[in-house]
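One structure below.
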Amino acid sequence: MARILITSALPYINGVKHLGNLAGSMLPADVYARFQRLQPGNEVLFICATDEHGTPAELAAAEAGQAVADYCREQHDIQKRVGEGFSLSFDWFGRSSNQPNRELTQHFGDVLEDRGLIEERTSRQVYSVDDKRFLPDRYVEGTCPVCGYEKARGDQCDNCGSLLDPVDLINPYSSVSGSRNVEIRDTRHLFLLQSKLQDRIRAWVDSRAAEWPQLTSSIAYKWLDEGLQDRSITRDLSWGVPVTRHGKPRPGFEEKVYYVWFDAPVEYIGSTVEWAEAKNENWERWWRTDKGAEDVSYVQFMGKDNVAFHTVSFPVTILGSEEPWKQVDRLKAFNWLNWYGGKFSTSQKRGVFMDTALELLPSDYWRWYLIANSPEGSDTAFTWESFQASINSDLANVLGNFVNRITKYAQSKFDGKVPAEGQAGEAEAWMVKELKTRLPQLQAHYEAMEFRKAAAETRAIWAAGNEYLTKAEPWVKYKTSVEQAAVGVRVGLNLAALFGIIAQPVIPDAAGKILDALGVPADKRMMGFGAATDYAGLLDALLHGLAITPPPVLFAKIEDTQVAEWTERFGGG
RNA sequence: GGUGGGGUAGCUCAGUUGGUUAGAGCGCAGGACUCAUAAUCCUGAGGUCGAGAGUUCAACUCUCUCUCCCACUACCA
């Protein structure tokens, strides 16, 4: 009996996420969670939340003319609904602004200070008098001291690529308001002394890196090799976790909060606490190795931009606390899903966003495409043409048509019942051999979190079903021997059920329709395939005489006219 | 600039420790079949594996140089 904790990188609160965000963490995490739930005996906890603090949230709220708390509550509800629309099966979708995260973050702040890992330092920051706020580097613009470009950002010049310090900009101004009434002010902040933990973090990475993909470990080692720098973990903002010491406002920090990157990963734990409070469950047996989490296997999913924070920064918080917190075991990172060679972009409205996607097509369509073309090995391009080709071929033609043809035939020739007659022969032996090699491979790909390969293998198994029907040709045999035709129909119906079972992680809605149509009971939908599996038995699992109902067409094809319309509307191509 | 990842059939991508004629899906051409959403099945065409050099009996695979693309580079998250 395995206990598996799964977290997806937390989507930021400032608006509905695009397909790239979905493909790069929430969706594969969901597919993996669904797969693991289908393994007999597994206990799975799948946690996510909105990441709500920070400057962008404040600015987005201001732009929307709302109080930031109201804005976040509204956006959280929207993201929650959209996630449900995509059948993301979070056990809990929390909020980093909720009380549990606040208390945990303050706890970590306290403990780290007790361990001598925090000190106050003064730093110089750009302050916008008119905006009444300190400005993060990228929100300060001005003339580049290197090349003279007039719209350089405070962190980097887009023209010459130089890395900049905002205090070096010539004629700086606020990109929030455009005001030039900005000045450099001293401000006190808490610094986390990451440099002191360099060796411990490296030792920890060494102990885990063998199980991480190359993308993950190379990013972690790069940071370690460059040397961990002490890092400010507080900000001059009002929206965030208040900085406290022993439960009371910290003197001098009344107007400051913890930096969003300090509190966001803590929300993995905080969201679990929210879940436990709501469901009357025990969160510590998932997170405290002294309270039952010792045997938990913890898997994180994220885009590559998040890897450093999960392999280095957050481990500093956890290891530095010297408390028995559960650490990540396996970490799956993704590259980017691109939009016609460029990037998806919220501000430029490039690409398709989750809410809009659901208006166009059912979630299964998107889920299948984004998993079958997952940006695992490198950045991957989304195009309408390949989306159309993939859906029409894989889902409509190979899977949908298979289910349709066999159920319709059973209905017209066998009274819509699973036939009992006939003996398995050569074609069935071939099919058993296919399943015997392919199902364990499918299983292995899922366990290795190789999602493209899992989708390809799933498709190959569906395709083998069509090949089987060509070999068995019940419609030909029916003319001479109804009994022989019955074998093909029985096996075909059982294959349809099996295809529904293996489809569940990726396309849960359609899989459910198939399994319902074939009357497969809930407890017969598990998919743990291995050496002990009775592969021949899979072809004769449905009860003889069981009434089946051909489901309505499972996947409508995507027409050329739709592609043309969407290309026009979304600016692809 | 530094670091990392890529450049393999028209397109999207696999290619394990270097080893016989480099693979898959889509697309394309031809054929078969008719139960089915003109779906399915079979066959075929198509690649000097970014360029050059080196190591080796043997290189898509290892080394070096060059070139192109992308990401990260710690105060956006």
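In this text the structure is predicted, and so the values were computed from the model without any measurement.
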Check your understanding: Just checking A:Leu10: base, sugar-phosphate only, or nothing, at a heavy-atom cut-off of under 4.0 Å?
Key -> nothing
**Study point:** Test salt bridge (Lys or Arg N to Asp or Glu O under 4.0 Å) applied to A:Arg202 - qualifying residues, sequence neighbours left out
**Key:** A:Asp225
Check your understanding: What is the nucleic acid contact for A:Leu469, judged by heavy atoms within less than 4.0 Å: base, sugar-phosphate only, or nothing?
Key -> nothing
Practice item. Would you give the length of the straight line joining atom NE2 of A:His76 to atom CD1 of A:Ile13, rounded to the nearest 0.5 angstrom? Key: 7.5 Å
Review point. Does the side-chain ring of A:Tyr409 sit on the six-membered ring of the B:rC35 base, less than 5.5 Å centre to centre and under 30° in tilt?
Key: no
Practice item. Verify, without hydrogens or angle tests, whether A:Asp364 (side chain) and A:Ala510 (backbone) share a donor-acceptor contact under 3.5 angstrom. Key: yes
Exercise for review: Have a look at A:Arg459 and say if it touches a base, only the backbone sugar-phosphate, or nothing, with a 4.0 Å heavy-atom cut-off.
Suggested key: sugar-phosphate
Practice item. Using side-chain hydrogen bond (donor to acceptor under 3.5 Å, both in side chains) as the criterion, point out the one residue from A:Lys256, A:Arg133, A:Gln125, A:Arg185 that pairs with A:Asp236. Key: A:Lys256
Practice item. Measure from the side chain of A:Trp475, starting at C-beta and using heavy atoms only, and say which of B:rC35, B:rC42, B:rC26 lies closest. Key: B:rC35
**Study point:** Polar side-chain contact A:Trp261-B:rA77 base: donor and acceptor under 3.5 Å
**Key:** yes
Check your understanding: Is A:Gln229 touching bases, backbone alone, or none of the nucleic acid, heavy atoms closer than 4.0 Å?
Key -> base
Check your understanding: Does the side chain of A:Ser232 get closer than 4.0 angstrom to OP1 or OP2 of B:rC75 through an N or O atom?
Key -> no
Exercise for review: Report the nucleotide, chosen from B:rC76, B:rU37, B:rC42, that has the shortest atom-to-atom distance to any side-chain atom of A:Pro56.
Suggested key: B:rC76
Check your understanding: Base, sugar-phosphate alone, or nothing: which one does A:Glu473 contact when heavy atoms must sit under 4.0 Å apart?
Key -> nothing
Check your understanding: Which letters describe nucleotides 4-13 of chain B, given B = protein heavy atom under 4.0 Å from base, S = only from sugar-phosphate, - = neither?
Key -> SS------SS
Review point. So what does A:Val553 hit on the nucleic acid, given a heavy-atom distance under 4.0 Å: a base, only sugar-phosphate, or nothing?
Key: base
Check your understanding: A:Asn397 side chain N/O closer than 4.0 Å to the phosphate oxygens (OP1, OP2) of B:rU40?
Key -> yes
Revision key, fill the gap. The dot-bracket string of RNA chain B, counting Watson-Crick and G-U wobble pairs with both distances under 3.5 Å, using [ ] for crossing pairs and | for pairs to another strand, is (((((((..((((.....[...)))).(((((.......))))).....(((((..]....))))))))))))....
Practice item. State which residue, out of A:Trp566, A:Trp366, A:Tyr365, fulfils the ring-ring contact (aromatic ring centres under 6.0 Å, His included) condition with A:Phe387. Key: A:Trp366
Exercise for review: Between B:rC41 and B:rU3, how far apart are the P atoms? Round to whole Å, please.
Suggested key: 49 Å
Point to revise | Touch class at under 4.0 angstrom, heavy-atom based, for A:Phe134 against every strand present | key: nothing
Exercise for review: Determine the contact category for A:Trp223: base if any of its heavy atoms lies under 4.0 Å from a base atom, sugar-phosphate if only primed atoms, P, OP1 or OP2 are that close, otherwise nothing.
Suggested key: base
Review point. Roughly how far apart, to the nearest Å, are B:rC28 and B:rA39 at atom P?
Key: 10 Å
Check your understanding: If you look at every strand shown and take non-hydrogen atoms under 4.0 Å, does A:Asp51 touch a base, only sugar-phosphate, or nothing?
Key -> sugar-phosphate
Practice item. Under 4.0 Å between any heavy atoms, over every strand shown, what does A:Gly227 touch: base, sugar-phosphate, or nothing? Just pick one. Key: base
Practice item. Identify which nucleotide among B:rA71, B:rU40, B:rC41 has an atom closest to any side-chain atom of A:Trp336, counting heavy atoms from C-beta outward. Key: B:rA71
Practice item. Using a 4.0 Å heavy-atom cut-off across all strands, classify A:Phe309 as base, sugar-phosphate, or nothing. Key: base
Revision key, fill the gap. Taking B:rU37, B:rC41, B:rC75 as options, the one with an atom nearest any side-chain atom of A:Asn466 is B:rC41
Check your understanding: Contact class for A:Ala556 (heavy atom, under 4.0 Å): base, sugar-phosphate, or nothing?
Key -> nothing
Exercise for review: Report yes if a donor N or O on one partner sits less than 3.5 Å from an acceptor N or O on the other, where the partners are the side chain of A:Asn401 and the base of B:rA36; otherwise report no.
Suggested key: yes
Review point. For A:Lys453, which contact category applies under a 4.0 Å heavy-atom criterion: base, sugar-phosphate, or nothing?
Key: sugar-phosphate
Practice item. Considering only atom P, compute the distance from B:rC13 to B:rC70 and round it to an integer number of Å. Key: 15 Å
Practice item. Determine the contact category for A:Ala396: base if any of its heavy atoms lies under 4.0 Å from a base atom, sugar-phosphate if only primed atoms, P, OP1 or OP2 are that close, otherwise nothing. Key: base
Exercise for review: Taking atom C1' in both B:rU63 and B:rC42, compute the distance separating them and give it to the nearest angstrom.
Suggested key: 45 Å
